[in-house]
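Single-structure report; data block below.
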Protein chains: 2
Amino acid sequence: MAKPYVIGIDMGGTNTAFGIVDARGNVVASDSIKTGKHSNFDDYVDELHEAVTRLINNNDAEGKINGIGIGAPNGNYYTGMIEGAPNLPWPSPIPLAKKITEKFGITCLVTNDANAAGVGEMTYGAARGMKDFIMITLGTGVGSGIVVNGQMVYGYDGFAGELGHVIMRRSNGRMCGCGRTGCLEAYCSATGVARTAREFLEIRKDDSKLRELDIASITSKDVYDAAVAGDHLAKEIFEYTGNILGEALADFTAFSAPEAFVIFGGLAKSGDLIMNPIKEAFDKNVLPLWRGKVKILFSEMKEADAAILGASALGWEIKE
Amino acid sequence: MAKPYVIGIDMGGTNTAFGIVDARGNVVASDSIKTGKHSNFDDYVDELHEAVTRLINNNDAEGKINGIGIGAPNGNYYTGMIEGAPNLPWPSPIPLAKKITEKFGITCLVTNDANAAGVGEMTYGAARGMKDFIMITLGTGVGSGIVVNGQMVYGYDGFAGELGHVIMRRSNGRMCGCGRTGCLEAYCSATGVARTAREFLEIRKDDSKLRELDIASITSKDVYDAAVAGDHLAKEIFEYTGNILGEALADFTAFSAPEAFVIFGGLAKSGDLIMNPIKEAFDKNVLPLWRGKVKILFSEMKEADAAILGASALGWEIKE
């Protein structure tokens, strides 16, 4: 029988947050350490082990941990390694699952952040009971976690679900961090929204509260605040963003015919400002057989807990 | 234990071909009837039953059939129905699996043509042993069968894998039969190749053997013959087609990270004429992490047998 708790670890470039999670998706206790403090990866694992053990002991959870799940940038579910993550101080590949499993004596599974969010949504969130859905994470980048037949799609090499890098504009597309042009991520990430704001402000002449800000340092939050205050240009920026995302979701539907898309991350807080144009563009662009039939939902995971929750859900996959 | 044979039925608008297939993918015997002869669907089922029973009896296969698989236009694996197929004479939906199962006393599974080809390739063809691959069928249209974790992807409603209707050209895209514009199918089907030929011949002024033909009735076969004979314009038509398909496969890789793409159908006979530009465009357009790592193969199913073989493979899924 499964033990009553799992550990979720959200490993970011700056902080590593972790928590003890129960079967209902409650984060019983959580804490964090600095990721970049140790130039040696083994020292990082030692500090993480010490901090997690303290959390376990303080919450009477010794011997009650079913497994450890880690969401990490470029984390590979099959190999348990982190491969080529630009924001981590250790040489690639990093044998994360192996080191953690050895140090803790508890089996550890690894995946990337967006897949972790997908597993979390399926285990505790808006996609409970769904066997076919696609998680779209709108943060600094655009990530995705694809679930088919109740299973996360990892692909042949473990790197499936890079939907932020599907090409949405084949001519005059924006430069993307991946070195190509026209990727979904270049338009629909938080940074993409800020780029759209700068483009609109440069090219157009109409009034906008956004003109009062320093254009070079404008953020998606600034655009949101302006839109909520009724600014027309800011609203159009969300329409532009949602329109491209809706076009993309229409194409993704032709792939796996999901029951739902679940939208997660900072931009999801924009609510109807982004959801309305997404839905409108989706129905306009999707094959007629799916028109009006695919749910587009916001995540139901609390954002503060989501990364830990998502990672922790992997801990339930372990049967020993 | 599974019985030694399965029946594969390939239901087209004109003919319904069927055969007895063994576990190694040999078509032991085959025959066909006219699909459109009966305005009443039950009469069609009666004739099909009679013809298949005759084939079974003539080949000493009574009591040795493990199951029946049918590939049919718009066939839905989950419901066993044909839903909204424009080229069939019976009212939609058609309860195909139910009627066949009842009439034959043998369990019958249904899927669409492209998914059948995918199951066939996995069971008997180039994708044997692969758990993650995508079948692309290039015929009158462009179809696809997607396999993830060793399972065909049917999606929430059974209609997944409509990759011929992913949008490849968002501005000035060609009209597609689905009512939208810019679909992959409008460029990379056999009819798409013929359209490209007509466009090239109208817009360009350079010499070509194709100018000797009646432009309005030019076919992809004409373009192939001219290309093989060294015609530059015809070769460029294949480059144009392969380039768009390579761009599409690059995007599909971001979805499910397949081990391979398997190309099937009439255009696959064009060999290097189409394969070289596909591979070149794929490597140019795919995310760097997959460059040079995804196989692009031609189907290994004999075309004459492929539709029956593909459909028959469903018959092995039945465990009774």
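Note on naming: letters A, B, ... go to the chains in the order of the sequence lines (proteins, then strands), and numbering restarts at 1 for each one. Remember, predicted model here, so these are calculated numbers, not experimental data.
In terms of non-hydrogen atom pairs under 4.5 Å with chain A, the most contact-rich of L287(B), D157(B), L289(B) is L287(B). Ranking H165(A), R170(A), K293(A) against chain B, the residue ahead of the rest is R170(A), based on heavy-atom pairs under 4.5 Å.
Ring pair Y187(B)/Y240(B) is tilted by interplanar angle, where 30° to 60° counts as tilted.
The distance from the CZ atom of F261(B) to the CD1 atom of I278(B) is 10.5 Å, given to the nearest 0.5 Å. For the atom pair E162(A) CD and C178(A) SG, the distance stands at 9.5 Å (nearest 0.5 Å).
Heavy-atom proximity under 4.5 angstrom to chain A picks out D132(B), I134(B) from residues 126-140 of chain B. Inspection of non-hydrogen atoms places E247(B), D251(B), F252(B), A254(B), F255(B), S256(B), A257(B) of residues 247-257 of chain B under 4.5 Å from chain A.
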Intermediate values then yes/no, side chain to side chain donor-acceptor pair (under 3.5 Å), W290(A) and D283(A) = CA-CA 8 Å; W290(A) 287 300; D283(A) 277 335; over 6 Å; no

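Taking every heavy atom of both residues into account, A116(A) and G71(A) meet most closely at CB-CA, 4.3 Å. Closest of all the heavy-atom pairs between A260(A) and L297(A) is CB-CD1, 4.1 Å. Closest non-hydrogen pair, I82(B) versus A72(B), comes out as CD1-CB, 3.7 Å.
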Side-chain donor/acceptor pairs under 3.5 Å, residues 144-153 of chain A, sequence neighbours excluded:
from, atom 1, to, atom 2, distance (Å)
S144(A), OG, G161(A), O, 2.4
S144(A), OG, L163(A), N, 3.2
N149(A), ND2, Q151(B), OE1, 3.0
Q151(A), OE1, N149(B), ND2, 3.1

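Residue P258(B) touches chain A through its backbone alone, counting heavy-atom pairs closer than 4.5 Å. At a 4.5 Å heavy-atom cutoff, the contact between V286(A) and chain B is made by backbone atoms alone.
W316(B) has its side chain within reach of T123(B): a pair of non-hydrogen atoms, C-beta onward, lies under 4.5 Å apart. Counting heavy atoms from C-beta on, the side chains of L314(A) and I70(A) never come closer than 4.5 Å.
Sorted by first and then second residue, the salt bridge (charged side-chain N to carboxylate O under 4.0 Å, His left out) pairs with a member in residues 172-188 of chain B read R174(B)-E199(B); sequence neighbours excluded.
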